[in-house]
Chemist: 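Structure incoming, see below.
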Amino acid sequence: MTRFPAHVLKSVLDKPWQAVELENPIPLDALPTPALVLYRPAFERNLKTMAQHLKKHGKGQRPHAKTHKCPLIAQQQMAAGAVGVCAAKLGEVAALVSAGVQDVLITSPLTSAPKIDVLNTLLEHSQDLKLVVDSSTGMDALEQGIATDRRLGVVLDFDVELGRTGTRDDALAQKLHDRVSSDPRFYFAGIQHYAGHLMHLQTFEERKTRSLESWQAVLERVAKFSPKIITGGGTGTFDIDVLQDQITDLQVGSYIFMDREYLDIDAQNDAQGHPFESSLSVACTFVSAPKQGMATVDGGYKAFASDSVTPMPITLDGCQFYFGGDEHGFVKLPAGYQEPVLGQVHQFMVPHCDPTVNLHDYYWVQEADGLIHNLWPITARGASW
Ligand SMILES: Cc1ncc(COP(=O)(O)O)c(C=O)c1O
């Protein structure tokens, strides 16, 4: 069998995940910018709000660790009552299990022998891993690569419209179910449906209609399997999918940070706004100002994800951020703004949280006193396999 390079897996399993407490808390302007700043009071409110919401509706939470890639955050989500967590990548699973987070659902299918080799090793670290399967090739790879003394939960993944992962072929689903059920190494854990293309639809009503329709289509197809777990959904449908009785748990990810992309969509109740707050920003320093009305900061494509909207200045009223290259951003200052003070540090709300997090080594954890007290390692950053 083709093996996965063992040192790559080991390097993540051995990577530190524990918090580092600063002996002397530091202010934002002492940060090595660009630095990813997590404002803990808002983050904790988000954790609590989601936990209470799902509990009220009788749903489990299976938060997605792809968002934060940080075992310390996964531990806090488990402590807040999560039934387990999700991971998109094996590198994330390695970071999680090495920190003792055992119940992990891998939400993307695996189809190659080296990846199954990693999964086989990770099953030594946790008896509680689950993997989605949506193809015969994926099932073949599992049958060939998982040792006889291991046990893996298999979740069948169903697609309706997104066209990313999940099967649309019900005859195939039946065959996969039969293969899983007849092999003692595997057990049928349930089904997954993720309609990611609906998460950022602007209006609540459109998200509601389309998401409930999508789920209804899947639930009719999977009823014959009597799945124990029916999992899916995300932050964009957190207050919609709870209306569907049969769903057991939601895979919410971004709610802990609430990036600009999510704050831009309409909340269920416009007057109340979103129940989750922005807790994640990147602190950058003014490093130059060659042009009138503009200032240059030390954060660009290597500090912020650039796949969607732009970073939003938080501590600079009326300013606009533009990407200025790999290491730089431009801040357009409003008319009448005083001269930019070089050396000053400003915060920018992250545009899209997941890929922004993957660019940084640590969360610099800021407390209500405005100071940074702790560093939380982003253990699975870069482990995108
Ligand atoms: C399969 C799956 N589930 C859940 C999520 C979490 O979504 P969100 O960050 O929108 O809450 C994602 C995000 O891409 C995902 O791919």
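Read the numbers this way: they start at 1 and go in the same order the structure lists the ligands and their atoms.
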Chemist: What is the nearest protein non-hydrogen atom to atom 7 (O) of ligand 1, stated with its residue, atom name and distance?
Modeler: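 Going atom by atom, the protein heavy atom closest to atom 7 (O) of ligand 1 ends up being Tyr194 OH, 3.7 Å.
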Chemist: Look at the aromatic rings of Phe225 and Phe158 and report parallel, tilted or perpendicular, splitting at 30° and 60°.
Modeler: tilted
Chemist: Can you list the ligand 1 atoms lying under 4.0 Å from a non-hydrogen atom of Val252?
Modeler: 11 (O)
Chemist: Considering only heavy atoms of Gly234, which atoms of ligand 1 have at least one such atom less than 4.0 Å away?
Modeler: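 Within the 4.0 Å cut-off of Gly234, ligand 1 contributes 7 (O), 11 (O).
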Chemist: Under 4.0 Å from a heavy atom of Thr235: which atoms of ligand 1 are those, numbered in the order shown and with their elements?
Modeler: 8 (P), 10 (O), 11 (O)
Chemist: With a sphere of 6.0 Å drawn around CD of Gln292, does it hold more than 12 non-hydrogen atoms of other residues, nucleotides or ligands?
Modeler: no
Chemist: Tell me, which protein residue and heavy-atom name are nearest atom 16 (O) of ligand 1, and how many Å apart are they?
Modeler: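 Checking every protein heavy atom, the shortest distance to atom 16 (O) of ligand 1 gives Arg164 NH2, 3.0 Å.
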Chemist: List the steps, then state whether ring-ring contact (aromatic ring centres under 6.0 Å, His included) holds for His53 with Phe238.
Modeler: CA-CA 9 Å; His53 162 77; Phe238 84 98; 4.8 Å; yes
Chemist: Do NZ/NE/NH1/NH2 and the carboxylate oxygens of Arg164 and Asp159 come within less than 4.0 Å?
Modeler: no
Chemist: Taking the basic N atoms (NZ, or NE/NH1/NH2) and the acidic carboxylate oxygens, is any pair closer than 4.0 Å for Asp241 and Arg207?
Modeler: no
Chemist: Just checking, is any N or O donor in the side chain of Gln174 or Asp170 under 3.5 Å from an acceptor N or O on the other one?
Modeler: no
Chemist: Among all protein heavy atoms, pick the one closest to atom 10 (O) of ligand 1 and tell me residue, atom and distance.
Modeler: Tyr262 OH, 2.5 Å
Chemist: Checking a contact table here: which protein heavy atom is nearest atom 3 (N) of ligand 1, and how many Å away?
Modeler: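 Result: Gln251 OE1, 2.7 Å.
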Chemist: Within ligand 1, which atoms have a heavy atom of Thr107 less than 4.0 Å away?
Modeler: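 What qualifies from ligand 1 is 1 (C).
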Chemist: If the contact criterion is a heavy-atom separation under 4.0 Å, does Gly233 count as touching ligand 1?
Modeler: yes
Chemist: Distance to 0.1 Å, residue and atom name: give those for the protein heavy atom nearest to atom 9 (O) of ligand 1.
Modeler: Ser254 OG, 2.6 Å
Chemist: Looking only at protein heavy atoms, identify the closest one to atom 14 (O) of ligand 1 and say how far it is in Å.
Modeler: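 Looking only at protein heavy atoms, the one closest to atom 14 (O) of ligand 1 is Lys66 NZ, 3.1 Å.
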Chemist: Using a 4.0 Å cut-off to any heavy atom of Gly253, which atoms of ligand 1 qualify?
Modeler: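 So the atoms of ligand 1 that pass are 6 (C), 8 (P), 9 (O), 11 (O).
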Chemist: List the atom of Asn46, the atom of Phe257, and the distance in Å for their closest heavy-atom pair.
Modeler: ND2-N, 4.3 Å
Chemist: Would you call the rings of Phe286 and His346 parallel, tilted or perpendicular if under 30° counts as parallel and over 60° as perpendicular?
Modeler: tilted
